[in-house]
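One structure is given here, and the rest of the page talks about it.
Only heavy atoms go into these numbers, but all of them, side chains included; no hydrogens, no water, no symmetry mates.
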Amino acid sequence: MQKIILLLALITFSLSSAQTKKKQILLIGTFHFANPGNDIAKTKTFNVMSEKSQKELETISDKIKKFGPDKIFVEWKFTKQAELDKFYNKNTDSLFKKDANEITQLALRTAKKLNHKKLYGIDYRNRFSYDSLMISMDKANQKNLKERTAELMKKFENDQNERISKSTLTELILYYNEKEADKDNLQWYLEVANRTGNPDDFTGASLVANWYKRNLYMYSLIQKLTESEDDKIMVLVGAGHAAMFRQFIVNDPTFELVELSTVLK
């Protein structure tokens, strides 16, 4: 009788463990390798096509392969998945030599090593009117917020340009996945943007809400596209998105965050 009770207890424990097992997310926030100049802050371009950086990318992708994500999600419009599929099936050797984009250099490189059939696009775009924000600041005579915006922007540009001149690619990527970098990426939205406007003008709060909305929609796609058989996934997005995703993952009991630093050890 005791053996039967023990067996039932072990079965119950095993079932409970299986039900509560979290899926691991390797979240990688990064700067844009190709630096297309679309961001408000203007920074120097890091040469990821150099021989040294290419060797680093081979090492990084090898270590991620060892981690073994079942799916890789990237910052590509989810409505353009068919185009991403065509892109993925191109001649990768030639792409690595001419396309500096992080999707090619890191996500595609890693996915090919893992013999994945595709990458998964999760980007969602909505309205982000920076010009309207500046107009609302002027109407509310919020000179202090405009000055703070310029100050934070200049600091970000100077810090980034200094890191680019002194750091290796690996060091840069690791930096963008530290908690301090997350704080830098979120600070302006709450300190400045959300305060913008007269009491009856919510232009600033609307911009911040749209930023949260964009990231929530992207995270929703990660949740929906991660299937029951996927034990591990990788997400490669801009550092600003990653800072938001960390907040979501910490409060999502189905996922467990895996730090890039542990994978690259």
**Asked** Once you round to the nearest 0.5 Å, how far does NZ of Lys112 lie from CG of Leu119?
**Response** 8.5 Å
**Asked** In terms of hydrophobic clustering (I, L, V, M, F, W, Y; side-chain heavy atoms under 4.5 Å; direct or indirect links), are Val250 and Val237 co-clustered?
**Response** no
**Request:** Indicate whether any N or O donor in one side chain lies under 3.5 Å from an N or O acceptor in the other, for Ser220 and Lys224.
**Result:** yes
**Distance (rounded to the nearest 0.5 Å) between Met49 CE and Lys98 NZ** = 10.5 Å
**Message:** With heavy-atom distances below 4.5 Å as the criterion, would you say the side chains of Phe73 and Lys71 are in contact?
**Reply:** yes
**Message:** Measuring only between side-chain heavy atoms, which start at C-beta, is Leu84 closer than 4.5 Å to Val74?
**Reply:** yes
**Request:** Group every Ile, Leu, Val, Met, Phe, Trp and Tyr by side-chain heavy-atom contacts under 4.5 Å, then state whether Val208 and Tyr124 land in the same group.
**Result:** yes
**Item:** Any Lys213 side-chain heavy atom under 4.5 Å of Asn126 side chain
**Value:** yes
**Request:** Evaluate the side chain to side chain contact (heavy atoms under 4.5 Å, CB included) criterion for residues Phe46 and Ser53: first the C-alpha distance (whole Å), next the side-chain angles of each, then the deciding distance (0.1 Å), finally the verdict.
**Result:** CA-CA 10 Å; Phe46 184 91; Ser53 292; 3.4 Å; yes
**Item:** Nearest heavy-atom neighbours spanning Gly29 and Asn177
**Value:** N-OD1, 2.8 Å
**Message:** For the backbone of Ile164 and the side chain of Ser167, can you confirm whether one donor and one acceptor N or O come within less than 3.5 Å of each other?
**Reply:** no
**Item:** Side chains of Ile64 and Pro69 in contact at under 4.5 Å (non-hydrogen atoms)
**Value:** yes
**Item:** Check: Val192 main-chain N/O paired with Thr196 side-chain donor or acceptor under 3.5 Å
**Value:** yes
**Prompt:** Hey, is Lys232 close enough to Asp230 for a salt bridge, meaning N to O under 4.0 Å?
**Reply:** no
**Message:** Could you check whether Phe33 and Phe31 have their ring centres less than 6.0 Å apart?
**Reply:** yes
**Prompt:** About how many Å separate CG of Leu169 and CD1 of Ile173, when rounded to the nearest 0.5 Å?
**Reply:** 4.0 Å
**Request:** Carefully, step by step, assess Val235 and His241 under the rule side chain to side chain contact (heavy atoms under 4.5 Å, CB included).
**Result:** CA-CA 10 Å; Val235 179; His241 298 296; over 6 Å; no
**CD (Glu51) with more than 12 external heavy atoms under 6.0 Å** = no
**Request:** Taking all heavy atoms of Ala140 and all of Gly197, pick out the closest pair and write down the distance.
**Result:** CB-C, 3.7 Å
**Prompt:** Arg148 and Gln142: side-chain donor and acceptor closer than 3.5 Å?
**Reply:** no
**Message:** Ring of Phe67, cation from Lys65 - is the NZ or CZ under 6.0 Å from the centre and inside 45° of the axis?
**Reply:** no
**Asked** What about Met153 and Ile135, same hydrophobic cluster or not, with Ile/Leu/Val/Met/Phe/Trp/Tyr joined at side-chain heavy-atom distances under 4.5 Å?
**Response** no
**Asked** Does the separation of the ring centres of Trp76 and Phe87 fall below 6.0 angstrom?
**Response** yes
**Prompt:** Checking side chain to side chain contact (heavy atoms under 4.5 Å, CB included) for the pair Thr104/Arg109: CA distance, chi angles, key distance, verdict?
**Reply:** CA-CA 6 Å; Thr104 299; Arg109 188 189 300 259; over 6 Å; no
**Asked** Is Asp159 salt-bridged to Lys155, cutoff N-O under 4.0 Å?
**Response** yes
**Heavy-atom closest pair, residues Ser61 and Thr110** = CB-OG1, 3.3 Å
**Asked** Nearest 0.5 Å, what's the CD-CD1 distance between Gln223 and Ile122?
**Response** 11.0 Å
**Polar side-chain atom of Glu56 near backbone of Thr170 as donor-acceptor pair, under 3.5 Å** = yes
**Request:** Begin with the C-alpha distance, continue with both residues' side-chain angles, and end with the deciding distance and a verdict on side chain to side chain contact (heavy atoms under 4.5 Å, CB included) for His116 and Ile72.
**Result:** CA-CA 9 Å; His116 285 185; Ile72 296 177; 4.1 Å; yes
**Request:** Classify the ring geometry between Phe255 and Tyr219 as parallel (under 30°), tilted (30 to 60°) or perpendicular (over 60°).
**Result:** perpendicular
**Request:** Determine whether Met137 and Tyr130 fall in the same hydrophobic cluster, where Ile, Leu, Val, Met, Phe, Trp and Tyr are linked whenever their side-chain heavy atoms lie under 4.5 Å apart.
**Result:** yes
**Request:** Hey, can you tell me if Trp211 and Tyr189 have their rings parallel, tilted or perpendicular (30° and 60° cut-offs)?
**Result:** parallel
**Separation of Ser206 OG from Leu133 CG (nearest 0.5 Å)** = 10.0 Å
**Prompt:** Does atom CZ of Phe96 have more than 12 heavy-atom neighbours from other groups under 6.0 Å away?
**Reply:** yes
**Message:** Can a donor-acceptor pair be found, under 3.5 Å and without considering hydrogens, that links the side chain of Glu102 to the backbone of Thr30?
**Reply:** no
**Request:** Answer yes or no: is there a side-chain heavy-atom contact under 4.5 Å between Glu75 and His32?
**Result:** yes
**Item:** SB check Lys63 Glu58 (cutoff 4.0 Å)
**Value:** no
**Request:** Compute whether any side-chain donor of one residue and acceptor of the other, for Thr203 and Ser136, lie under 3.5 angstrom apart.
**Result:** yes
**Message:** Testing the basics here: between Ile249 and Leu27, what is the closest heavy-atom pair and its distance to 0.1 Å?
**Reply:** CD1-CD2, 4.2 Å
**Request:** May I ask you to decide if Asp200's main-chain N or O and Asn198's side chain share a donor-acceptor pair within less than 3.5 Å?
**Result:** no
**Item:** Presence of salt bridge, Asp123 and Lys80, under 4.0 angstrom
**Value:** no
**Prompt:** Side chains of Asn215 and Gln247: do they bring a donor and an acceptor to under 3.5 Å?
**Reply:** no
**Asked** So do Leu260 and Leu174 actually touch side chain to side chain, heavy atoms under 4.5 Å?
**Response** yes
**Item:** Modelled atom types, side-chain donor and acceptor of Gln160 and Tyr176, under 3.5 Å
**Value:** yes
**Message:** Just verifying a value: how many Å separate Thr226 OG1 and Lys23 NZ, rounded to the nearest 0.5 Å?
**Reply:** 7.5 Å
**Prompt:** Cut-off 3.5 Å, side chains only: do Asp85 and Gln81 have a donor facing an acceptor?
**Reply:** yes
**Request:** Please say whether more than 12 non-hydrogen atoms of neighbouring residues, nucleotides or ligands are located less than 6.0 Å from NZ in Lys113.
**Result:** yes
**Message:** When you compare the side chain of Glu191 with that of Leu152, does any pair of heavy atoms fall below 4.5 Å?
**Reply:** yes
**Asked** Side-chain contact, heavy-atom cut-off 4.5 Å: Thr149 with Trp188?
**Response** yes
